[in-house]
Chemist: 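Could you have a look at this structure, given as structure tokens, before my questions?
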There are 2 protein chains.
Amino acid sequence: MPRRKQRTEDWRQVLRDAGLRGTSARIELLELLARSPRPLTHQEAVEGLPQVETDRSTLFRALQDLTSAGLVRRLDLGDRVWRYERVVATADAAGEAVPHPHLLCVDCGNITCLTDDDVQVKLPKRLGTVEDVLLKGHCADCKES
Amino acid sequence: MPRRKQRTEDWRQVLRDAGLRGTSARIELLELLARSPRPLTHQEAVEGLPQVETDRSTLFRALQDLTSAGLVRRLDLGDRVWRYERVVATADAAGEAVPHPHLLCVDCGNITCLTDDDVQVKLPKRLGTVEDVLLKGHCADCKES
DNA sequence: CTGTAGATGCAACTGAGTTGCAGAAAAATA
DNA sequence: TATTTTTCTGCAACTCAGTTGCATCTACAG
Ligand SMILES: [Mn+2]
Ligand SMILES: [Mn+2]
Ligand SMILES: [Zn+2]
Ligand SMILES: [Zn+2]
């Protein structure tokens with residue numbers, strides 16, 4: 001049994017467990033997102049799946065579906081493009097299981113996934129409660145040029 | 001000399017000092033933004049200036065111009081709409097003189113301007129440097145519903 | 001007052017995302 | 001396996017926020 005086929009079946013199972021049908025768009029997306037070290041935009045997903053011949057709207061809908069099924073997380077960073085990252089059920093070192101802060105680099109546009117240890121935010125309760133943190137600045141590669 | 005005329009002349013001077021011509025679109029915008037307790041979107045500006053009969057694109061261009069002249073600040077929050085807030089030259093209690101963190105309420109969409117005292121962010125330098133902070137969560141009005 | 005750099009209106013365009021609908025493909029069922 | 005039911009997909013048209021080219025207009029320096 002070929003390796004590729006095997007993986008495909010694994011992803012199909014993940015989808016089914018989440019209550020979604022195992023369609024090629026969703027399988028390829030999941031696989032791509034799982035491989036990616038950082039969140040991807042719709043556009044990046046299209047480019048990352050040159051073999052897949054899917055309509056734009058289908059891809060958008062697939063990303064929505066994966067998001068509402070809890071398999072991926074959608075990030076609204078401050079640059080008018082949504083990004084998606086895989087949510088793994090069992091928290092591992094990468095820490096993708098729970099929401100975490102992100103740093104959007106204003107120079108190169110890259111996203112750095114942070115942990116709650118990296119950034120500590122304290123907000124007086126009278127002002128509200130924090131659910132998500134987005135930093136903008138210069139990433140490790142771009143700082144002091 | 002009518003009060004309104006006086007204010008108009010003040011704003012014209014502000015514009016001229018910043019190297020911009022004193023056009024009605026810019027004057028009305030500055031006045032509106034200065035009155036507003038929170039950043040406004042282009043759309044909100046249009047609605048806030050019902051008397052002004054200006055083309056959409058002119059308003060957009062005016063907002064751009066004010067921004068690049070340093071008279072207003074443009075905020076890229078995570079909801080695909082730009083917001084603009086007045087930058088006052090002399091720092092006052094409102095603290096609008098310098099960039100500051102903002103809280104975007106995920107319930108009602110309101111923006112709360114914060115101060116650096118309200119939120120303390122520490123990011124390990126190896127990961128980059130922070131220039132702006134955006135929090136998402138529940139604003140004072142919406143928390144615990 | 002005038003000449004001109006710069007602002008405006010209009011219409012067409014972009015990019016990201018959404019939507020209605022008819023036909024196609026999964027999964028459920030028999 | 002064949003049939004039925006449910007969900008997904010492609011397509012085309014649409015929305016929303018913002019941008020752009022160009023002819024015309026206007027603020028203001030001289
Ligand atoms: Mn992340
Ligand atoms: Mn503010
Ligand atoms: Zn960078
Ligand atoms: Zn709120």
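The shown structure was predicted, so the numbers you read here are calculated from the model rather than taken from an experiment. Letters A, B, ... are given to chains in the order of the sequence lines, protein chains preceding strands, and every chain is numbered from 1.
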Chemist: Salt bridge between B:Arg80 and B:Asp76, side-chain N to carboxylate O under 4.0 Å?
Modeler: no

Chemist: Where the side chain of B:Asp55 is defined as all heavy atoms beyond and including C-beta, which of C:dC10, D:dC11, D:dG18 is the nearest nucleotide?
Modeler: C:dC10

Chemist: Please report the distance, rounded to the nearest Å, between CG in B:Leu63 and C1' in C:dA7.
Modeler: 15 Å

Chemist: Atom CD1 of A:Ile27 and atom C1' of C:dA25: how far apart are they, to the nearest Å?
Modeler: 13 Å

Chemist: Contact class for A:Thr54 (heavy atom, under 4.0 Å): base, sugar-phosphate, or nothing?
Modeler: sugar-phosphate

Chemist: Between atom CZ in A:Arg21 and atom P in D:dT9, what is the gap in whole Å?
Modeler: 10 Å

Chemist: Select base, sugar-phosphate, or nothing to describe what B:Arg61 touches, counting heavy atoms under 4.0 Å on all strands.
Modeler: base

Chemist: Students often get this wrong, so: under 4.0 angstrom with heavy atoms, is A:Arg80 touching a base, only sugar-phosphate, or nothing?
Modeler: sugar-phosphate

Chemist: For B:Thr23 and for B:Gln64, find the nucleotide of DNA chain D with the closest heavy atom, then tell me which residue's nucleotide is more 5'.
Modeler: B:Gln64

Chemist: Of B:Arg86, B:Arg26, B:Arg7, which is the lone residue that meets side chain to side chain donor-acceptor pair (under 3.5 Å) with B:Glu31?
Modeler: B:Arg7

Chemist: Separation of A:Leu59 atom CG from D:dC8 atom C1', in whole Å?
Modeler: 13 Å

Chemist: Between B:Asp76 (CG) and C:dA16 (P), how many Å, whole number?
Modeler: 14 Å

Chemist: Expressed as a whole number of angstroms, how long is the span from A:Leu15:CG to D:dC8:C1'?
Modeler: 13 Å

Chemist: Tell me, please, which residues at least two apart from A:Asp141 pass salt bridge (charged side-chain N to carboxylate O under 4.0 Å, His left out).
Modeler: none

Chemist: For the pair made of CG in B:Leu40 and P in D:dG18, what is the distance, rounded to whole Å?
Modeler: 13 Å

Chemist: Using a cut-off of less than 4.0 Å, is there contact between a side-chain N or O of B:Arg16 and OP1 or OP2 of D:dC28?
Modeler: yes

Chemist: Before you tell me yes or no, could you show the steps for A:Lys136 and B:Glu131 under salt bridge (Lys or Arg N to Asp or Glu O under 4.0 Å), namely the whole-Å CA-CA distance, both residues' side-chain angles and the distance that decides it to 0.1 Å?
Modeler: CA-CA 6 Å; A:Lys136 299 199 203 175; B:Glu131 219 153 70; over 6 Å; no

Chemist: So which one's nearest nucleotide on DNA chain C is more toward 5', B:Thr58 or A:Arg83?
Modeler: B:Thr58

Chemist: What's the closest nucleotide to the B:Ser57 side chain, out of D:dC8, D:dT20, C:dA27?
Modeler: D:dT20

Chemist: B:Phe60 CZ to C:dA7 P: how many Å, rounded?
Modeler: 18 Å

Chemist: Tell me what B:Ala25 touches on the nucleic acid: a base, only sugar-phosphate, or nothing, going by heavy atoms under 4.0 Å.
Modeler: sugar-phosphate

Chemist: D:dC8, OP1 or OP2 - any side-chain N/O from A:Arg26 closer than 4.0 Å?
Modeler: yes

Chemist: May I ask you to check whether B:Glu47 and B:Gln43 show a side-chain donor-acceptor distance below 3.5 Å?
Modeler: yes

Chemist: Identify, between A:Thr41 and A:Ser24, the residue whose nearest nucleotide on DNA chain C lies closer to the 5' end.
Modeler: A:Thr41

